Amino acid sequence: MKFSTKQIHAGREKNISLYGDVNIPIHQSTSFVHDSVDQYLEKGFSYSRTSNPTIELLEERLKQLEEGSGALCFSTGMAAIHSVFDGILKTGDHVIISDVVYGGTYRISKAIFAKYDIEFSFIDTSKSEDIKKAIRPNTKIIFTETPANPTLKIYDLKLISDISKNHQILHVVDNTFMTPYLQNPLSLGADIVIHSTTKFFDGHNMTTGGCAVFSDKETFERIKFIRNTSGNIMSPFTAFLTLQGLKTLSLRLERQCLTAHLIAEHLNNHKVIERVFYPGLEDFPGHQISCNQSRDHGSLLAFIVKGDLNTGKKFADNLKLCLLAENLGSVETLVTHPASMTHGYLTQDERQSIGITDSLIRMSVGIEDPEDLLNDIEQSLASLHG
Ligand SMILES: Cc1ncc(COP(=O)(O)O)c(C=O)c1O
């Protein structure tokens, strides 16, 4: 099956309804009855902290879409990252993380795992020499996110996977911004792919969820044990809604990528815009790598409005159609002001060093009419000088 068929049908035989429902029911049950003690687990399920039929169908579908050997769903994207770190790292280990990643990934490293004497190096993983220099005998994970939140910095997945393999380090990729429709890190050599399903898989601002997809069964089993022990599995209702959102993923993304490209071109060379960040622009650093490793350049862009912190805030506040809301990947166009919102945990110096300036705006383009979106952006830009 091709992607757009798989997103609707993959794993459908796991829909174990008596009535042949087209949509798998929400199996809203903590426990599953066993016919006898000797037949314990014969039907595959016992307790919904461990597994549940609705969640398992979503996992099967995500596994097939990412071409992995196993997938696990979690209560949020951060829960997925937490469980992967928890299952792989021990005291004294070292992790390399790209210098530009989602703010929550900094926070979980510095505020939670660092207290177990696990060390984190945030480095420019677009430079292979820097990665090689940063590797230590105790390095266990190289964690990348590409394009990165919020400046869309691109990292070469194949190159980093090759370096990781040569040093027996796991390459973990946060593929939230691209989804398997646009990019398949496992096929480029990565070991684990992470998603916040809150974003494109849901696509409608309804649920928070996460998943991890594994290239090998052994790591999958290890993280499944962590999830069962710590209890951060997705809920059946979230899995049900995510399965419905997933059915239109490729259609939404095709439209979203087209409109994002259009807006990026429009803002590039605009007199009140200092800089546009979009991997589809030919002069964007990493454009060629994006062409090589991704089917399209995604639906996120960022731009610096000429001015200071207040100009950035005012631009975001004065939008009427685009919503000022902390999410991405949905049918609605959403904007954030990273310095105040998603990356507020970083210090001003840390933000400046990775290009998150005070008037940077991140935009996640939805499926509205492109002309309406451009009009909204223009009216807000015009209001800055009014
Ligand atoms: C790239 C990326 N990874 C992970 C997360 C965390 O996901 P969640 O909010 O579902 O915990 C986010 C959230 O914005 C994100 O943008």
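Just so you know, ligand 1 is whichever comes first in the structure, and atom 1 is the first atom listed for that ligand. Keep in mind the model is a prediction, meaning the values are calculated, not measured.
- Scanning the protein heavy atoms around atom 9 (O) of ligand 1, the nearest turns out to be K199 NZ, 3.6 Å.
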Evaluate the side-chain hydrogen bond (donor to acceptor under 3.5 Å, both in side chains) criterion for residues H27 and T54: first the C-alpha distance (whole Å), next the side-chain angles of each, then the deciding distance (0.1 Å), finally the verdict. CA-CA 6 Å; H27 285 270; T54 315; 4.6 Å; no

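- Of the candidates T197, T198, T207, I81, the one placing a heavy atom closest to atom 10 (O) of ligand 1 is T198.
- Ligand 1 has no nitrogen or oxygen under 3.5 angstrom from a nitrogen or oxygen of F177.
- Remark: side-chain polar atoms of T248 are not paired, donor with acceptor, to backbone N or O of L251 under 3.5 angstrom.
- One finds a salt bridge joining R222 and E218 here, because a Lys/Arg side-chain nitrogen approaches an Asp/Glu carboxylate oxygen to under 4.0 Å.
- Nearest to atom 16 (O) of ligand 1 among the protein's heavy atoms is N149 ND2, 3.0 Å.
- Under the 3.5 Å distance criterion, with hydrogens and angles disregarded, a donor-acceptor pair is assigned to the side chains of T219 and D216.
- Closest to atom 15 (C) of ligand 1 among all protein heavy atoms lies Y102 CG, 3.6 Å.
- The closest side-chain donor-acceptor pair between N318 and S383 falls under 3.5 angstrom.
- For atom 4 (C) of ligand 1, the closest non-hydrogen atom of the protein is D174 OD2, 3.4 Å.
- Distances between N or O atoms of E145 and those of ligand 1 include no value under 3.5 Å.
- Near G209, meaning under 4.0 Å from any of its heavy atoms, are these atoms of ligand 1: 10 (O).
- Under 4.0 Å is where a charged nitrogen must lie from a carboxylate oxygen, and between K165 and D162 no such pair does.
- Every atom of ligand 1 is numbered from 1 in the order shown, and the set under 4.0 Å from a heavy atom of S196 is 5 (C), 7 (O), 8 (P), 10 (O).
- For the pair A80 and ligand 1, no heavy-atom separation below 4.0 Å is found.
- Between S98 and T125, the side chains place a donor N or O and an acceptor N or O closer than 3.5 Å (distance only, hydrogens not considered).
- Cluster annotation: F122 and I169 are assigned to the same hydrophobic cluster (Ile/Leu/Val/Met/Phe/Trp/Tyr, side-chain heavy-atom contacts under 4.5 Å, transitive).
- Closest to atom 11 (O) of ligand 1 among all protein heavy atoms lies M78 N, 2.9 Å.
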